Amino acid sequence: MQRVDPVSIATEVAAPAATSVAAPAAPAAVPPPFSLTSIFTEVQPVSWIAVGLALAAGLYLYGVRRLRVRGHRWPVTRTLLFLGPGLGGVATVTLSGLAAYDTTLLSVYLTQHLVLSMVAPIFLALGAPVTLALQALPPHPRERLRTLVHSRFARLCSYPLVAFAIFMVTPFALYFTDLYRYTLEHAWAHELVRAHVLLIGCVLFWPLLGLDPLPNRWPYPGRALLMLLSVPFYTVLGLTVMQSTALFGGDWHSSLGLTWADPWEDQVIAGGILWAGGEFVSVTMLAVLIVRWMRQAEREARRIDRELDRQEAEQRASPAVG
């Protein structure tokens, strides 16, 4: 009779099991061919992102209502910008049918990145939620928020050069390393990257726009310079993606076996989106900062004129000294 070693049998059974667990798997279901109608037909189910967006919108509207009850008016434009292209922009790329293709098409992934890091944060900042909270909160929570806004940690994170450096390093650290492949294989890492790019976009654009009373607000020439530097950055980044001789994410996209999309062509489209979209947003933001700079200069000139007129009137009204 042949003797059976139970230890060797257990080892042989466990080895394939461990291998199957360690091996990353492609998405369970590949979505149908992408089209404009897919944005509506492939809408994602309710997730923690939807809950977070609903909570943010509810708190913002609650603050507006509290001010209205007190007899104070809050600009309607700010509310529309915060809820519409701000929170709505986040919802468009994370809850609509676009999200169904963010691990299938690099072009969709980079569109998400662009909206979350540049477009949505600008409109969220234009909604001035910190100012709204400071006006709507009771005295004690208001002081706690003011202390947090002016804390050492907030000063460090909102310092323009620090935020700008993290903003510039993020796409290179994500797409030119194995991190991008990791986010495709693990849903939690994918969600974490989404939150990161949105947060760093807010940290960068909030002080640049300067509507909320945040620390480290640079003068307008410095803000305009940062935006000017971001224009060639997106040109270089987009061209690098378009001209890359390797597929981003390794063999992930090619292993999906899509019959309706070529990974190489999609990567060229993705680089073009990043190049054109990044430059458009940067140039538009630069123009906005220059206009606000000119308006500030005009207000300052009028203030100086009023002060000179007041001093001249006081000199004429004072009795002559004999």
Side-chain angles (χ1 to χ4, degrees), residues 48-49 52-53 55-57 59-60 63 78 81-83 85-91 93-94 110-134 144-175 179 183 189-231 233-234 237 274 277-278 281-286 288-289 292:
W48 67 270
I49 300 178
L53 293 176
L55 181 61
L59 290 175
Y60 193 94
R78 291 186 178 181
L81 291 175
F82 185 86
L83 298 179
L87 296 181
V90 177
V93 296
T94 58
L110 290 185
T111 300
Q112 268 191 350
H113 187 126
L114 189 65
V115 172
L116 292 177
S117 64
M118 296 192 73
V119 180
I122 291 176
F123 291 104
L124 292 175
L126 290 174
V130 177
T131 301
L132 175 62
L134 290 174
R144 291 177 66 91
L145 177 59
R146 185 176 287 112
T147 301
L148 176 63
V149 167
H150 295 283
S151 65
R152 182 177 300 178
F153 178 75
R155 288 179 180 273
L156 175 63
C157 293
S158 63
Y159 188 68
L161 286 180
V162 174
F164 186 74
I166 299 176
F167 185 85
M168 295 296 156
V169 168
T170 294
F172 285 101
L174 174 60
Y175 299 114
L179 181 59
T183 63
H190 186 61
E191 299 297 334
L192 188 62
V193 168
R194 281 177 174 177
H196 169 78
V197 296
L198 177 62
L199 178 61
I200 194 59
C202 291
V203 170
L204 174 64
F205 288 107
W206 235 287
L208 291 182
L209 288 168
L211 295 185
D212 280 323
L214 300 177
N216 296 321
R217 286 191 296 179
W218 276 12
Y220 279 105
R223 305 183 204 180
L225 178 61
L226 284 184
M227 281 296 96
L228 186 62
L229 292 175
S230 68
V231 176
F233 166 78
Y234 275 100
L237 183 60
L274 200 59
V281 176
S282 297
V283 171
T284 303
M285 183 67 181
L286 177 61
V288 170
L289 290 175
R292 290 173 62 85

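Below, each value reflects all heavy atoms present in this structure, side chains not excepted, and no hydrogens, waters or symmetry copies. Predicted, not measured: the structure shown is a model, and the values here were computed from it.
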side-chain contact (heavy atoms from CB on, under 4.5 Å), that's the test. Do V283 and M227 meet it? Break it down for me. CA-CA 7 Å; V283 171; M227 281 296 96; over 6 Å; no

Could you check L53 against I49 for side-chain contact (heavy atoms from CB on, under 4.5 Å), going step by step and ending with a plain yes or no? CA-CA 6 Å; L53 293 176; I49 300 178; 4.0 Å; yes

Evaluate L226 against L161 for side-chain contact (heavy atoms from CB on, under 4.5 Å), listing each step before the verdict. CA-CA 8 Å; L226 284 184; L161 286 180; 4.2 Å; yes

Going through the distances and angles, do W206 and L124 end up as a side-chain contact (heavy atoms from CB on, under 4.5 Å)? CA-CA 8 Å; W206 235 287; L124 292 175; 4.1 Å; yes

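Note that the CG atom of L208 and the CH2 atom of W218 stand 9.0 Å from one another [nearest 0.5 Å].
Between S230 and M168, some side-chain heavy-atom pair lies under the 4.5 Å cut-off. At a threshold of 4.5 Å between non-hydrogen side-chain atoms, the residues I166 and H196 count as touching.
Across every non-hydrogen atom of V231 and S282, the tightest pair is CG2-CB, 3.8 Å. Listed here is the closest heavy atom pair of A128 and L211: CB-CB, 4.3 Å. Of all heavy-atom pairs between Y60 and G127, the closest is OH-O, 2.7 Å.
Residues meeting the ring pair (Phe, Tyr, Trp, His ring centres under 6.0 Å) test with F233, sequence neighbours left out: F172.
In terms of modelled atom types and a separation under 3.5 Å, the side chain of R292 and the main chain of L209 share a donor-acceptor contact.
Applying the ring-ring contact (aromatic ring centres under 6.0 Å, His included) test between H113 and each of Y175, Y234, F167 identifies Y175 as the sole match.
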